[in-house]
Every structure is written in structure tokens, then in C-alpha cells.
Amino acid sequence: MTTSRLRESVDAAKTRTGRRFWFDPRFAIGIALIVASVVGVLAIVTTADSRIVVYSARQPLAPGDRIDVRDLRSTSVRLEGAEKEYLLPGDVPADGLVVTRAVGEGELVPASAIGSAAGVQEASVVLSVNG
């Protein structure tokens with residue numbers, strides 16, 4: 001290889017590497033396709049997610065217990081149309097509710113297991129009888 005050819009190849013390499021990046025439409029189209037696919041997947045997943053928030057018991061609840069929102073935990077579940085069967089956020093009045101049947105810790109609180117605190121005139125009493 002002659003010296004002049006070597007210089008030409010070195011000069012050509014310098015010009016190739018020294019070139020600045022200019023806008024390439026293929027690059028923009030690639031970025032747009034990636035963004036569109038991510039947005040599309042997020043839209044599909046969000047639409048398909050049919051979970052709702054219902055209340056579950058933080059601790060075991062016994063009949064006669066007065067409860068309010070502090071005694072409950074919000075739980076996101078998929079109920080497939082049975083959301084009216086359970087206690088939803090916003091269903092608990094300011095004066096609270098009364099439990100009408102036992103609800104275990106972590107169990108979703110059924111709407112049939114609670115009653116209004118305003119209408120309760122009774123209290124549960126536990127007696128220990130010897131003999």
C-alpha cells in the first residue's frame with residue numbers, strides 16, 4: 001500500500017467519524033412506533049383490569065361490634081358483578097355501622113353482615129357460668 005493511499009483512507013475515516021448526527025426520519029419513525037406500542041399495551045391492560053375496591057376486616061369482627069372506617073382495610077379485588085354484595089368505600093356513614101354476624105380477619109365484609117348503628121338498641125353480653 002502506498003503512502004498516498006494510506007493517507008486517503010485515514011482522511012476518509014476522519015470525515016466519517018467526525019460527521020455530526022443529523023435528524024434521520026427512520027430514527028423518528030422507530031421512536032414513534034415504540035411509544036405507540038407502549039401506549040397501546042397500557043391502554044389494553046388498563047381497560048381489561050376490572051378490579052374494584054371493597055372493605056375487608058382488619059381484625060375479627062363479632063356480632064354487635066360497632067365499626068367505622070378505621071376498623072376496615074381497602075382491598076382491590078375482581079368480583080365480576082358482585083360488588084353490591086360487599087361493603088364499598090363510601091358505604092360507611094360517619095356514625096359507623098354494627099356487625100350483625102361474625103366476619104373473620106382479612107375477610108371481605110359482606111353487605112349482609114352489617115347494619116346501621118342508629119337502629120341498634122341491644123348489646124352483646126358474655127357470661128361465664130361455673131357448674
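Note that the coordinates shown come from a computational prediction; the quantities given were computed from them, not determined experimentally.
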Heavy-atom check, side chain of [X] versus side chain of [Y], under 4.5 Å:
| X | Y | value |
| --- | --- | --- |
| Leu72 | Leu87 | yes |
| Asp71 | Gln59 | yes |
| Leu61 | Ile67 | yes |

Item checked: Test salt bridge (charged side-chain N to carboxylate O under 4.0 Å, His left out) applied to Asp91 - qualifying residues, sequence neighbours left out -> none

Checklist line | Closest heavy-atom pair and its distance - Ala57, Gly104 | finding: CB-O, 3.5 Å

Once side-chain contact (heavy atoms from CB on, under 4.5 Å) is applied, do any residues pair with [X], and if so which ones, sequence neighbours excluded?
| X | answer |
| --- | --- |
| Arg101 | Glu107, Pro110, Ser112, Ala113 |
| Ser50 | Arg78, Glu80 |
| Pro60 | Glu105 |
| Val53 | Ser74, Pro89 |

Check: Is the backbone N or O of Gly106 less than 3.5 Å from a side-chain atom of Arg58, with the two atoms forming a donor-acceptor pair by type?
Finding: no

Item checked: Ala43 backbone acceptor or donor facing Thr46 side chain under 3.5 Å -> no

Item checked: Co-members of the apolar cluster containing Val45 [side chain, <4.5 Å] -> Val41

Next item on the list: From the options Ile114, Val92, Thr75, select the one residue that forms a side-chain contact (heavy atoms from CB on, under 4.5 Å) with Tyr55.
Entry: Val92

Next item on the list: Return each pair, listed once, that meets salt bridge (charged side-chain N to carboxylate O under 4.0 Å, His left out) where at least one residue sits in residues 25-35; pairs must be two or more places apart or across chains.
Entry: Asp24-Arg26

Note to self: If I take atom CG from residue Asp95 and atom CZ from residue Arg66, how far apart are they, to the nearest 0.5 angstrom?
What the structure shows: 8.5 Å

